[in-house]
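Have a look at the structure below, then the notes.
Below, read A as the first sequence line, B as the second, and so on, with proteins coming before strands; counting in each chain starts at 1.
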Amino acid sequence: GENVEQHPSTLSVQEGDSAVIKCTYSDSASNYFPWYKQELGKRPQLIIDIRSNVGEKKDQRIAVTLNKTAKHFSLHITETQPEDSAVYFCAAVPGSARQLTFGSGTQLTVLP
Amino acid sequence: DAGVTQSPTHLIKTRGQQVTLRCSPKSGHDTVSWYQQALGQGPQFIFQYYEEEERQRGNFPDRFSGHQFPNYSSELNVNALLLGDSALYLCASSPAGTGELFFGEGSRLTVL
């Protein structure tokens, strides 16, 4: 089955700096890679996703890049703000399945 | 348009008891998946229901069972509860043909 590894487990940045979270996956058939933000006590919320037919996708301050050859994808947050502080999870969906395999999460703290 | 709704939001059980959690998917979604999220970890896939049948299952014992009704709502049942079953149980729904999951707020189960 699919295995997703996520790094780092914790990340602290100063407000205004950029944050990068990286994930690798094992199943070359995976074709959908969403990122979720989870605030304390809340549900995971989809913030951006990318499909295997593109290499990069941007949405305002958030971008995701995908390297299919190396089987890794990354989340980039620019101009970080205190409200970006949360746990971020990457995930992968193999083939035609609609189940997500999640990474272990990154606790992002944006220091004012 | 209501999103994914789950009930109950919190519950406390003792070891050996049984629990039933309920989920109503987002309007227009026909697939329901259940995830277990232990404290400090990423969600783990339990199983997925589509057309009232269990289509995929993660690495969970038979104590975990489920059901999907004709209106696409779903139940998760856990028998013979163990302390380790304490977790946030997340329901997610998705529309046909996509891997995009929308999560409910979850049911937080505490087993004493």
Under 4.5 Å from any heavy atom of chain A - which part of B/Glu105: both
Does the side chain of A/Ser85 reach to within under 4.5 Å of the side chain of A/Leu108, using non-hydrogen atoms? no
Pick whichever of A/Gly105, A/Pro44, A/Ser104, A/Gly103 has the most heavy-atom pairs under 4.5 Å with chain B. A/Pro44
Any idea which of B/Pro43, B/Gly106, B/Gly42 has the most non-hydrogen atom pairs under 4.5 angstrom with chain A? B/Pro43
Structural part of B/Gln37 lying under 4.5 Å from a heavy atom of chain A: side chain
Going by side-chain contact (heavy atoms from CB on, under 4.5 Å), B/Val32 matches just one of B/Ser24, B/Ser94, B/Ser73, B/Pro25. Which one? B/Pro25
For the side chain of B/Arg55 and the backbone of B/Tyr49, is there at least one donor-acceptor N/O pair under 3.5 Å apart? no
Charged N to carboxylate O under 4.0 angstrom, A/Lys57 versus A/Asp49? yes
Short question: side chain of B/Ser107, backbone of B/Pro8 - any donor-acceptor pair under 3.5 Å? yes
Side chain / backbone / both / neither for A/Gln38 at chain B, heavy atoms under 4.5 Å: side chain
